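All remarks here apply to the structure that follows.
Quick caveat: nothing in here was measured; it's all calculated off a predicted structure.
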Amino acid sequence: MTTPQLLSVGVLFGMMLLFIWGKLRYDMVAVIALLAALALGIVKPKEAFTGFSDDIVIIVASALVLSGAVQRSGVIESAMLMLQRSVTRVRSQLLLLCASVGFASALVKNIGALAMMMPVAFQMAKKSNVAPAAYLMPMSFASLLGGLITLIGTSPNIIVSRVREQMTGHPFGMFDYAPVGLGLTLMGLIFLRFGYRLLPRDRRAAPTLGEAIDIQDYVTEAEIPAGSPAVDETVAAFRERHDGEVQVTAILRAGIRSIPFPDAVLKPEDLLILAGPPDSLERVIAADRLELEGAQREAPEGAQGEVGVIEAVIGTDSPLIGRTAGRLGLHERFGVNLIAVSRQGERLAKRLGEIALAPGDVIVLQGPLELLFERLSELGCLPLAQRTLRLGSARKGLLPLAILACAMAATATGYVPVAVAFFAAAGLTILLGALPVREAYDHIEWPILVMLGALIPVSDSLRTTGASQVIGDWLGHFAAILPPWGAVALILVSAMAVTPFLNNAATVLVMAPIAATFAGELGYRPEAFLMATAVGAGCDFLTPIGHQCNTLVMGPGGYRFGDYARLGAPLSFLVLVVGTPLILWVWPVH
């Protein structure tokens, strides 16, 4: 090796050691690697920031925005909640959850699909009286497998497509990954259906602040519009259709309060006083197109920007104590709406404007975000630990899914490049109100983008210095005695082994050029080896750190580091055994 080649490999080796050390965040490690490559001269100054303008960064950011919009729409979550009523056995629930998150991961980023389905898993676990740990890790593994089905399912697929385009002039298309990804996903679902028993049964998550406060019984009010599914339905049928998630505590018709007897029939313009957890209230209001109290009020004059909601607890010196929202004129004087109230140990049945507020009451306020925190101080309220509340937020239903489908169709037909299609789709979801601007920025994983932008020129130094050619030659000499399936399996195993230490996107940036050179040395076409790299990098089932999905479920599931290998090691072996011939069948090496 020449000196530049040794320096290039040395920078990558040092970067891997920092990843293993784990004291620095992965985006900081990538920045350090870029600075080191610049200082050593293996990356030219004019090429240092080309990674941030790469299509990969645009595609990943846009896919995360689209995932957030689909997650916020609640369409998939609502469909799952309807299905869960007829699925009561733990194994069947597990298969339903894993299949749903797996195939949803083909449409949106797998981390977004997993986050979208986790609340459903918690509800199923509660109703079945099992620990959420029985569902969460299998769901994470299913999301990784499902991400292999399409170009946008996971970042490695996007990066591998770019490498193929650089080598052959033709990137992988939107559904070129589907034959291999579908086969591995189906295999994984069958394994997880039975293999979940390998997980310890005593895993429990530490209680969260929200669970410690136990805010479950919020009260809100909503009007039934004409055309709502609730019209001409009895109270008992209304509760049964919503699986008892919320209670009707009172009905107001033409200003007259009535007791919600089970056989009472609901009519248009009835005002319902509803009680239940905030997520359940939001689902019921959205599903039946009910009009939440205060939703039609105009924002105060001069207020601009996004309307949001916040949870707060009333302090002991609050001017709200002993007064009602109606008498205080919250909207007229402060520009905010009171949309829900919770009082520990008591079920409230009055209208929101008639409830005399007390110290310790938890309230949900809606209003322009620029005003909310300022108003909380004036009202003597303390904001609770932040958690996502959709109560009082508008849903756009099928709109995000329709935009995503159009973007996928445009790229699948080759009508527009992937980056352009998904950037346009992300912009449309924001412009059409399917995702507020603030939430769009929250959904973008900036550390991932910084890591990608910084590592692209660093990993490219392997090619520019010729180090990838040398490493490919070494591997080629070693694999010369191996049959084609052995060579593909070698790349697959290498990618799976490196991913826990490098992060899946970084693994592909480093491994894909080497795999392509390796294929060339053996006289094979590169597609099978690039596909093996993508599969290996996308299938870290051994640790909680190689992929964000595994990290996401570690806390809520109460898992320990070693738990992942108990379920993940046999699944990794199956991916190797099934994936190698599947890749060669779909992508022949000759």
Checklist entry - Between Ala106 and Ile149, which heavy-atom pair has the shortest distance, and what is it? => result CB-CB, 3.8 Å
Next on the checklist: Can you confirm whether more than 12 heavy atoms, excluding those of Phe423, are under 6.0 Å from its CZ atom?
Outcome noted: no
Item to check | Pair Phe172 and Tyr177, ring centroids less than 6.0 Å apart | outcome: yes
Next on the checklist: Atom CZ of residue position Arg525 - does it have more than 12 heavy atoms of other residues, nucleotides or ligands inside 6.0 Å?
Outcome noted: no
Next on the checklist: Donor-acceptor pair, distance only, cut-off 3.5 Å: does the side chain of Asp540 make one with the backbone of Met496?
Outcome noted: no
Checklist entry - Heavy-atom distance under 4.5 Å between the side chains of Asp55 and Pro417, does that happen here? => result no
Checklist entry - Under 3.5 Å, side chain of Trp587 to main-chain N/O of Leu582, donor-acceptor pair present? => result no
Checklist entry - Would a distance-only check, ignoring hydrogens and angles, find a side-chain to backbone donor-acceptor pair under 3.5 Å from Thr429 to Ala426? => result yes
Item to check | Test ring pair (Phe, Tyr, Trp, His ring centres under 6.0 Å) applied to Phe529 and Phe518, step by step | outcome: CA-CA 8 Å; Phe529 296 87; Phe518 173 62; 5.6 Å; yes
Checklist entry - Just by modelled atom types, is the Gly173 backbone N or O under 3.5 Å from a matching donor or acceptor in the Asp176 side chain? => result yes
Checklist entry - Okay, side chain of Tyr564, backbone of Asn550: is any donor-acceptor separation there less than 3.5 Å? => result yes
Next on the checklist: Tell me every residue that passes salt bridge (charged side-chain N to carboxylate O under 4.0 Å, His left out) with Arg239, counting only those two or more places apart in sequence or in another chain.
Outcome noted: none
